[in-house]
Amino acid sequence: IAGITQAPTSQILAAGRRMTLRCTQDMRHNAMYWYRQDLGLGLRLIHYSNTAGTTGKGEVPDGYSVSRANTDDFPLTLASAVPSQTSVYFCASSRSENTEAFFGQGTRLTVV
Amino acid sequence: EDQVTQSPEALRLQEGESSSLNCSYTVSGLRGLFWYRQDPGKGPEFLFTLYSAGEEKEKERLKATLTKKESFLHITAPKPEDSATYLCAVQVGAGGTSYGKLTFGQGTILTVHP
C-alpha cells in the first residue's frame with residue numbers, strides 16, 4: 001500500500017542521546033515535512049523539503065536537523081535530545097508545496 | 001501572524017444529530033484551507049481542500065464550505081464512526097518564498113453517541 005512509513009513507532013530516549021527518526025514515502029512526492037504534535041499546541045512544522053537536495057526551517061527547528069538525499073527519504077535527527085522534545089512526530093509529504101499533505105502514522109518519542 | 005481558531009473544542013452529538021464545526025482564520029494571502037480527520041494514535045487523514053470563498057466540497061456525510069474569514073465542516077446525520085478529532089489548516093502564499101507551510105488549528109474533538 002502506497003504511503004508514508006515512519007520508524008520507530010515509539011521510543012524512550014535518555015536525555016543527551018542522539019536519535020534519528022526515519023521517514024520513507026513511495027508516492028514520488030516532491031515535498032516532505034516534519035511536524036511535532038503537542039497537547040494544547042497542535043501540529044507545528046519543524047523542517048521541510050520542497051525537493052530532493054533542498055531543506056528549510058519551519059516554525060520550531062531548534063535542536064533538529066534534516067537531510068534529503070533522495071526523493072523518498074527524509075530523516076529527522078535530534079543531535080542531543082532534551083525532555084522538551086518529548087512529543088509525537090509526524091512526517092508528511094505532498095506532490096508539490098501547494099497541494100495537500102499526507103501524513104505518516106507518527107513516532108511517539110519520550111525523552112527522559 | 002497567521003492564526004487559525006477552531007470551535008468548539010469538543011462536540012458531543014447523538015447519532016443522526018447534524019451539526020457544524022467552525023474554523024476561523026486570520027492570514028494574509030490564503031492559498032488553501034485544508035480539513036483533516038485524526039483518529040487516536042494515528043496521523044491526520046486528508047479530507048478536503050478549499051481554495052476560494054464560496055467553494056464547497058462534499059464527501060459522504062461531510063461538507064466543507066469556505067468564506068473569506070472562516071470555514072465550516074458540516075456533518076449530516078453523523079454515525080459513531082465519525083467520532084474523531086477534526087483539524088483545519090491554512091496554507092498561505094508568500095511570493096517566491098512559499099514552501100507549503102500549513103498552520104493548524106487546535107482541532108475539534110467530535111464524539112457521536114449511538
Side-chain angles (χ1 to χ4, degrees), chain A residues 1-7 9-10 21 23-25 27 29-51 54-61 66 68 74 87-108, chain B residues 1-7 9-10 21 23-25 27 29-52 55 57 59 64 66 71 84-109:
Chain A
I1 298 177
I4 298 177
T5 303
Q6 291 186 237
T9 54
S10 66
L21 308 185
C23 175
T24 299
Q25 56 105 353
M27 297 177 282
H29 284 173
N30 288 317
M32 296 188 75
Y33 315 89
W34 275 105
Y35 288 85
R36 59 178 290 173
Q37 187 173 37
D38 302 288
L39 198 62
L41 296 175
L43 281 154
R44 294 178 293 167
L45 182 68
I46 305 171
H47 284 288
Y48 67 94
S49 168
N50 285 340
T51 188
T54 68
T55 63
K57 295 181 180 180
E59 187 181 354
V60 288
V66 292
R68 186 90 184 275
F74 191 43
S87 186
V88 181
Y89 291 86
F90 289 102
C91 179
S93 72
S94 60
R95 182 165 43 85
S96 74
E97 61 188 48
N98 296 321
T99 58
E100 64 272 13
F102 296 89
F103 286 77
Q105 293 301 293
T107 293
R108 182 174 296 275
Chain B
E1 184 179 329
D2 301 331
Q3 287 194 330
V4 181
T5 304
Q6 291 188 246
S7 61
E9 292 184 8
L21 313 182
C23 173
S24 299
Y25 60 91
V27 300
L30 179 74
R31 277 202 174 187
L33 186 141
F34 301 80
W35 281 99
Y36 287 85
R37 167 191 172 129
Q38 186 173 25
D39 293 299
K42 296 191 175 181
E45 175 188 347
F46 170 72
L47 293 173
F48 303 110
T49 308
L50 301 167
Y51 291 106
S52 57
E55 188 175 0
K57 294 274 181 74
K59 179 181 179 180
L66 181 66
S71 176
T85 296
Y86 289 86
L87 303 168
C88 78
V90 297
Q91 185 181 75
V92 298
T97 62
S98 172
Y99 56 78
K101 173 181 180 288
L102 292 176
T103 299
F104 281 86
Q106 296 293 311
T108 293
I109 302 171

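Values reported hereafter were calculated over all heavy atoms of this structure, with side chains retained and with hydrogens, waters and symmetry mates removed. Below, chain A is the first sequence line, B the second, and so on; all start at residue 1. Note that this is a predicted model, so its numbers are computed, not measured.
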| task | Answer yes if the side chains of A/Ser96 and A/Asn30 hold a donor-acceptor pair under 3.5 Å, and no otherwise. | result | no

| Main-chain N/O of B/Tyr86 paired to B/Gln6 side chain as donor or acceptor, under 3.5 Å | yes

| Residue among A/Ser94, A/Gly56, A/Gly40, A/Gly106 with most heavy-atom pairs under 4.5 Å to chain B | A/Gly40

| message | Which heavy atom of A/Ala101 sits nearest to which heavy atom of A/Tyr33, and what is that distance? | response | CB-CE1, 4.4 Å

| remark: The reported gap from OH in A/Tyr89 to CG in A/Leu43 (rounded to nearest 0.5 angstrom) is 12.5 Å

| message | Report which part of A/Thr99 has an atom under 4.5 Å of a heavy atom belonging to chain B: side chain, backbone, both, or neither. | response | backbone

| message | At a 4.5 Å cut-off on heavy atoms, which part of A/Gln37 comes close to chain B: side chain, backbone, both, or neither? | response | side chain

| message | If you count heavy-atom pairs within less than 4.5 Å of chain B, which of A/Arg108, A/Arg44, A/Glu100 leads? | response | A/Glu100

| request: Could you check whether the rings of B/Tyr36 and B/Phe46 sit parallel, tilted or perpendicular, using 30° and 60° as the cut-offs? | output: perpendicular

| field | Atom group of B/Gln38 that falls short of 4.5 Å from chain A, counting heavy atoms | value | side chain

| task | Below 4.5 Å from any heavy atom of chain B, which atoms of A/Leu41 appear? Answer side chain, backbone, both or neither. | result | backbone

